[in-house]
Each structure stands twice: as structure tokens, then as C-alpha cells.
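One is the number of the first residue; the rest follow in order along the sequence.
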Amino acid sequence: MAFIRSYRPGDRDAVYDICVRTADAGGDSRHLYPDGELVPSVFAGPYVELEPDLAFVLDDGEGRPVGYVLGVADTGRFVTAFREKWLPAVGGRYPAPEGDGERTPSEVMAGLLHDPERMVLAELTAYPAHLHIDLLPAWQGRGHGRSLIHTLLDALRAKGVEAVHLSMLTANTGARAFYDRVGFHEIAVPGADADDVTYLGRGTTR
């Protein structure tokens with residue numbers, strides 16, 4: 001029977017695999033990114049390395065993660081650690097793209113890697129924590145996502161954090177329906193990517 005537990009270093013490869021298999025608006029992204037470590041280097045690796053106490057996995061009952069929720073308590077502090085500790089370790093493998101021409105999906109992702117400061121937005125100040133949650137398709141729609149969210153909310157609340165936010169591709173309507181069901185609301189964040197990315201937030205009390 002599946003259960004939620006804290007992340008362990010041995011979960012790293014499974015977490016990276018889940019990240020890749022859900023990174024294309026909830027679907028498998030392997031056709032977009034030839035290097036299977038690129039997307040997780042942006043959206044999974046820094047979280048489990050820098051704030052492992054806020055990383056939780058859904059264990060399939062046999063020791064293998066089939067989903068996760070990864071959080072940080074203070075986005076500004078996390079961005080500083082990302083720049084100073086995480087980027088030097090992985091940035092050389094994925095150089096920042098140059099020029100303003102059309103970019104491949106991998107170049108776009110590398111650009112995100114080298115710009116952690118994009119995560120700090122004035123409109124999100126009241127929601128200092130943020131999270132990423134992903135579940136393999138076979139484990140979706142069974143209440144596990146809600147349980148993962150609740151686990152992280154409780155952990156954040158125990159640290160004195162009152163609110164959390166997330167960003168999602170606006171096109172991922174299935175994910176938006178899930179977030180609405182678990183109590184998130186939209187946060188207005190104007191900007192160049194406002195049509196492509198939606199920001200959601202909620203309090204950590206449940």
C-alpha cells in the first residue's frame with residue numbers, strides 16, 4: 001500500500017524520473033529534452049539538496065517513489081542558496097543561452113536554470129514558501145496529491161510559515177482543477193509570461 005514519507009538520498013533517480021515524465025504540461029517530456037537531467041536540475045534537484053526536510057515522496061509500498069511534493073520555506077533565501085550553492089555544481093553542464101534568437105526547449109530550460117531570481121516577485125511576498133508537486137499518471141486521481149499537499153502544508157506550518165505559492169503552466173488545466181480542489185486561489189502577477197504561467201497561493205492552515 002502506498003504511503004508518504006520523507007525524501008531519502010536514494011530516491012534521487014526516481015524523483016528525477018518523475019520530474020521528466022510530468023514536465024510537459026503534466027505529460028512525458030523526454031521528447032523535448034534529450035538530457036534527462038536538465039529539467040530536474042531546475043525543478044527537483046535544488047529542492048532535495050537545499051531543503052530536504054521539506055521534500056516528501058509517495059512510496060509505492062515497495063520503496064520506490066511514484067510522486068513527490070518539494071517545498072521551500074522562504075523563496076528569497078532559497079534563491080540565494082540556488083545561486084551560491086546549486087548553480088556552481090550544475091551550471092557548467094548547461095550553459096546559459098546567448099543572444100535573443102529562437103531557442104530550443106533545452107535552451108529555454110537552461111535559461112531558467114541560470115535565472116533563479118525569476119522566482120522572487122513582489123506580488124508573491126505574502127506567500128513566502130513555494131512548492132512543486134508531481135505524480136506519475138497511474139497514481140493520479142486517487143487522493144495521493146491531496147495527501148502530499150497536506151503533508152507539506154503541515155511541515156511549513158510547523159516552521160511558522162503562513163502561506164505558500166506555486167507557478168504552473170496555464171495550459172495544464174488538469175493541474176489547475178486539482179489545485180482549486182485543494183484550496184489554492186489565483187494570484188495576479190502581471191508580466192511578459194502572464195498568459196503562459198499562472199500563480200496560485202493559499203495559507204498553510206487546513
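- Remark: Glu186 CD is packed, more than 12 non-hydrogen atoms of other residues, nucleotides or ligands lying under 6.0 Å away.
- Between Leu54 and Lys159, some side-chain heavy-atom pair lies under the 4.5 Å cut-off.
- The side-chain heavy atoms of Arg176 and Leu200, taken from C-beta on, include a pair separated by under 4.5 Å.
- Pairing each heavy atom of Trp86 with each of Ser41, the nearest pair is NE1-O, 2.8 Å.
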(message) Assess the residue pair Glu51 and Asp53 against the criterion (side chain to side chain contact (heavy atoms under 4.5 Å, CB included)); give the C-alpha distance rounded to whole Å, side-chain angles, the decisive distance to 0.1 Å, and a yes or no.
(response) CA-CA 5 Å; Glu51 294 204 39; Asp53 59 327; 4.1 Å; yes

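- Under the side-chain contact (heavy atoms from CB on, under 4.5 Å) test applied with Val164, the options Ile149, Leu124, Leu156 reduce to a single match, Leu156.
- The closest donor-acceptor contact from the side chain of Glu123 to the backbone of Pro190 lies at 3.5 Å or more, if one exists at all.
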(request) Applying side chain to side chain contact (heavy atoms under 4.5 Å, CB included), run through Arg142 and Leu135 and close with a yes or a no. (result) CA-CA 11 Å; Arg142 297 159 63 176; Leu135 285 162; over 6 Å; no

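- The cluster map of Ile, Leu, Val, Met, Phe, Trp and Tyr, joined by side-chain heavy atoms under 4.5 Å apart, puts Val48 and Leu113 in the same cluster.
- A 4.5 Å side-chain heavy-atom check between Leu32 and Met109 finds every atom pair outside the cut-off.
- Here the side chain of His132 pairs no donor or acceptor atom with the backbone of Phe43 at under 3.5 angstrom.
- Contact record, Pro46 with Phe82: CG-CE1, 3.5 Å, taken as the closest heavy-atom pair.
- At least one side-chain heavy atom of Asp35 sits less than 4.5 Å from a side-chain heavy atom of Tyr94.
- Two different hydrophobic clusters hold Val197 and Val108 under the rule that ILVMFWY side chains link at heavy-atom gaps under 4.5 Å.
- Minimum heavy-atom separation, Arg83 to His114: NH2-O, 3.1 Å.
- In this structure, the separation between NE2 on His165 and CZ on Phe184 is 10.0 Å, given to the nearest 0.5 Å.
- Atom CG of Leu70 sits about 8.0 Å away from atom CG of Asp134, to the nearest 0.5 Å.
- Residues Met119 and Tyr127 do not share a hydrophobic cluster, defined by chaining ILVMFWY side chains whose heavy atoms lie under 4.5 Å apart.
- Taking a cutoff of 4.0 Å between a charged side-chain nitrogen and a carboxylate oxygen, Arg206 and Asp154 qualify as a salt bridge.
- A heavy-atom distance below 4.5 Å is not found between the side chains of Val66 and His144.
- Within the 4.5 Å cutoff, the side chain of Arg157 has heavy atoms near those of the Glu162 side chain.
- Nearest heavy atom pair, residue Ser29 against residue Val20, reads OG-O, 2.7 Å.
- The side chain to side chain donor-acceptor pair (under 3.5 Å) test applied to Lys85 returns no partner, not counting sequence neighbours.
- Of the options Arg64, Arg8, Arg5, a side chain to side chain donor-acceptor pair (under 3.5 Å) to Asp59 is made by Arg5 and by none of the others.
- For the side-chain contact (heavy atoms from CB on, under 4.5 Å) criterion with Pro116, the lone passing option out of Val79, Thr75, Thr80 is Val79.
- Put simply, the side chain of Arg118 never gets that close to the backbone of Leu121: no donor and acceptor are under 3.5 Å apart.
- Taking all atoms of both residues into account, the shortest heavy-atom contact from Val161 to Thr204 is O-OG1, 2.7 Å.
- Cluster annotation: Val69 is not connected to Leu169 through the hydrophobic network of ILVMFWY side chains, with a link wherever side-chain heavy atoms come within less than 4.5 Å.
- Between Arg12 and Glu49 there is no salt bridge, since no side-chain N of the basic residue sits under 4.0 Å from a carboxylate O of the acidic one.
- Atoms CG and CG, on Leu131 and Leu153 in that order, are 8.0 Å from each other to the nearest 0.5 Å.
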(message) Let's go through Trp139 and Asp60 carefully: what are the C-alpha distance in whole Å and the side-chain angles of both, what is the deciding distance for side chain to side chain contact (heavy atoms under 4.5 Å, CB included) to 0.1 Å, and is it a yes or a no?
(response) CA-CA 9 Å; Trp139 296 87; Asp60 66 358; 3.8 Å; yes

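- To the nearest 0.5 angstrom, Asp13 atom CG is 11.0 Å from Ile18 atom CD1.
- In this structure, His185 contributes its side chain and Gly201 its backbone to a donor-acceptor pair below 3.5 Å.
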(request) Could you walk me through whether His31 and Asp24 pass side chain to side chain contact (heavy atoms under 4.5 Å, CB included), step by step? (result) CA-CA 9 Å; His31 64 292; Asp24 184 15; 3.3 Å; yes

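- For the pair Arg77 (side chain) and Val72 (backbone), a donor-acceptor distance under 3.5 Å is absent.
- One hydrophobic cluster, built from ILVMFWY side chains closer than 4.5 Å, cannot hold both Leu166 and Val189; they sit in different ones.
- Between His130 and Tyr47, a ring centre-to-centre spacing shorter than 6.0 Å is recorded.
- Within the 3.5 Å criterion, the main-chain N or O of Asp196 finds a donor-acceptor partner in the side chain of Thr170.
- When only modelled atom types and interatomic distance are considered, Asp11 and Tyr68 share no side-chain donor-acceptor pair under 3.5 Å.
- Taking every heavy atom of both residues into account, Phe3 and Gly61 meet most closely at CE2-CA, 4.1 Å.
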